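Shown next, in structure tokens, is the structure this report addresses.
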Amino acid sequence: MPELPEVETFVRILGEGYPDNPSIVGREVVDARVLWARTLAMPDPGTFQSRIVGQRIERIGRRGKFLRLSLSQDELLIHLRMSGDLLVEPSDSPLAVHHRLILELDDGRRLAFNDTRKFGRVWLTDDPQQVLGELGPEPLDPNFTGQDFYQALHSRRRQLKPLLLDQHFIAGLGNIYSDEALHRSKLHPLHQSDQLSESQSRDLLDSIRIVLKEGIRRNGTSIDWVYRGGDFQNYLRAYGRTGLPCPTCGTPIVRLIVGQRSTHVCPNCQPAPD
DNA sequence: ACGAGCGCCTGTCGGC
DNA sequence: TGCCGACAGGCGCTCG
């Protein structure tokens, strides 16, 4: 589920808190419960429990779609995958069915990782680079330039859409925001990466940044029962709009499969490559 | 190097 | 009503 804007929204919510549910920064972990063992990528549940208890949450950040909680000694990395969710709730509230991992805090609240489909993963490590090291550049990093992007696109020969979804190539895009960025830049998802001109590359990077920033501004995208609180779903131009008119030209949006993933294009604005 | 196929999971929805 | 397949914000693995 969550892509960069949704994870960024969690960073803000957990880091700043909100009325009646203040920030978890500064809190100490006083207990941990692993309810679905495979949620833990590392270490094993026993080690995890003994190692995390007593550590304080010092900082909250993000790298790609990974949420990073800097603790006193270690770093806790959380990847929500398709259906992961994070809740801060009173420690005495009943356990929801899909809670997979619980951190009890020193103020009577708990941080709960809830994950219906069990794809989400959590790492506790003193070497986060071991997990994050292979990630591509952050799309919103101002040091990442249009020229860098052009060269990266030309260093491979890939279909655009699977390339944008490849976290080694660029970190943070998922199915929604890649469809939105391609639609905005009028590029077809099957376009070969090394066929883009410099100006098309620049446009694509601009579009990626625009859709990510708008997603962040609107607190992410909420669809069905997955992810709460965002409203970017009301502003999507291509994703999930099969048969509905393209906001630019009115042509019905078409759904196709690219790289095994549902993909949404305007056949008029995004002409298929030869 | 690249793309397809599949596994991992649970839940919802639409068709028959 | 019940059953069954398709599908879902991700990603890692195999195999050509």
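Just so it is clear: chains get the letters A, B, ... in the order the sequence lines come, proteins before strands, and each one is counted from 1. No experiment lies behind these values; they were computed from the predicted model shown.
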Notebook entry, point to check: Between atom CG in A/Leu164 and atom P in C/dC11, what is the gap in whole Å?
Noted result: 13 Å

Checklist line | Any A/His79 side-chain nitrogen or oxygen under 4.0 Å from OP1 or OP2 of C/dC11 | finding: yes

Checklist line | Candidates A/Arg33, A/Arg110, A/Glu89 - the one meeting side chain to side chain donor-acceptor pair (under 3.5 Å) with A/His99 | finding: A/Glu89

Check: For C/dG10, does OP1 or OP2 lie under 4.0 Å from any side-chain N or O of A/Lys65?
Finding: yes

Notebook entry, point to check: Of A/Arg117 and A/Leu165, whose nearest nucleotide on DNA chain C comes first from the 5' end?
Noted result: A/Arg117

Check: Does anything in residues 146-162 of chain A reach DNA chain B, meaning a heavy atom under 4.0 Å, and if so which residues?
Finding: A/Arg156, A/Arg157, A/Arg158, A/Gln159

Next item on the list: Please state how far atom CZ in A/Arg261 lies from atom C1' in C/dA6, giving the value in whole angstrom units.
Entry: 15 Å

Check: Would you say a side-chain N or O of A/Arg255 is under 4.0 Å from OP1 or OP2 of C/dC7?
Finding: yes

Side-chain donor-acceptor distances from residues 245-260 of chain A under 3.5 Å, at least two apart:
| from | atom 1 | to | atom 2 | distance (Å) |
| --- | --- | --- | --- | --- |
| A/Arg255 | NE | A/Ser262 | OG | 2.6 |
| A/Arg255 | NH2 | A/Ser262 | OG | 3.2 |

Notebook entry, point to check: To the nearest Å, how far apart are A/Gln260 CD and C/dG10 C1'?
Noted result: 13 Å

Check: Reading DNA chain B 5' to 3', which nucleotide is the first, and which the last, to come under 4.0 Å of any heavy atom in chain A?
Finding: B/dC2 to B/dG11

Notebook entry, point to check: For atom P, what is the distance between B/dG7 and C/dA6, given to the nearest Å?
Noted result: 14 Å

Note to self: Please find the pair of heavy atoms, one from A/Ile52 and one from A/Val29, that lie closest to each other, and give the distance.
What the structure shows: O-CB, 3.7 Å

Margin query: Regarding A/Arg38, tell me which of base, sugar-phosphate or nothing describes its non-hydrogen contacts under 4.0 Å with the strands shown.
Written below: sugar-phosphate

Check: Should the pair A/Arg202 and A/Tyr150 be classed as cation-pi, given the thresholds of under 6.0 Å to the six-membered ring centre and 45° from the axis?
Finding: no

Next item on the list: May I ask you to check whether A/Phe232 and A/Tyr177 place their ring centers less than 6.0 Å from one another?
Entry: yes

Notebook entry, point to check: Under 4.0 Å: is that the gap between some side-chain N or O of A/Tyr177 and OP1 or OP2 of C/dG9?
Noted result: no

Next item on the list: Would you classify C/dG9 as syn or anti? Syn applies when the glycosidic angle is within 90° of 0.
Entry: syn

Item checked: Verdict with reasoning, A/Arg184 to A/Glu180, per salt bridge (Lys or Arg N to Asp or Glu O under 4.0 Å) -> CA-CA 6 Å; A/Arg184 181 173 272 277; A/Glu180 292 299 303; over 6 Å; no

Note to self: How many whole angstroms separate atom CG of A/Leu212 from atom C1' of C/dG9?
What the structure shows: 13 Å

Notebook entry, point to check: Is the CZ atom of A/Arg156 crowded by more than 12 outside heavy atoms at less than 6.0 Å?
Noted result: yes

Check: Parallel, tilted or perpendicular: which describes the rings of A/Trp123 and A/Phe66, with under 30° parallel and over 60° perpendicular?
Finding: tilted

Note to self: From CZ of A/Arg81 over to C1' of C/dC13, roughly how many Å is that when rounded to an integer?
What the structure shows: 12 Å

Checklist line | Atom-to-atom span, CZ of A/Phe232 to C1' of C/dG9 - whole angstrom | finding: 13 Å

Next item on the list: Give the C-alpha distance, both sets of side-chain angles, the deciding distance and a yes or no for side-chain contact (heavy atoms from CB on, under 4.5 Å) between A/Arg12 and A/Asn219.
Entry: CA-CA 10 Å; A/Arg12 195 171 59 232; A/Asn219 299 316; 2.4 Å; yes

Check: Between C/dC7 and A/Ser262, is there an OP1 or OP2 to side-chain N/O distance shorter than 4.0 Å?
Finding: no

Next item on the list: Whole angstrom is fine here: how far is it from CG in A/Leu173 over to C1' in C/dG10?
Entry: 13 Å

Notebook entry, point to check: Starting at the 5' end of DNA chain B, which residue's closest nucleotide do you reach first, A/Ser193 or A/Arg100?
Noted result: A/Ser193

Checklist line | Which atom of A/Leu40 lies closest to which atom of A/Pro45, heavy atoms considered | finding: CD1-CA, 3.6 Å

Check: Across all strands, who's sitting opposite C/dC7 as a Watson-Crick or G-U wobble pair, both distances under 3.5 Å?
Finding: B/dG11

Checklist line | Nearest-Å distance for atom pair CZ/P, residues A/Arg121 and C/dG9 | finding: 18 Å

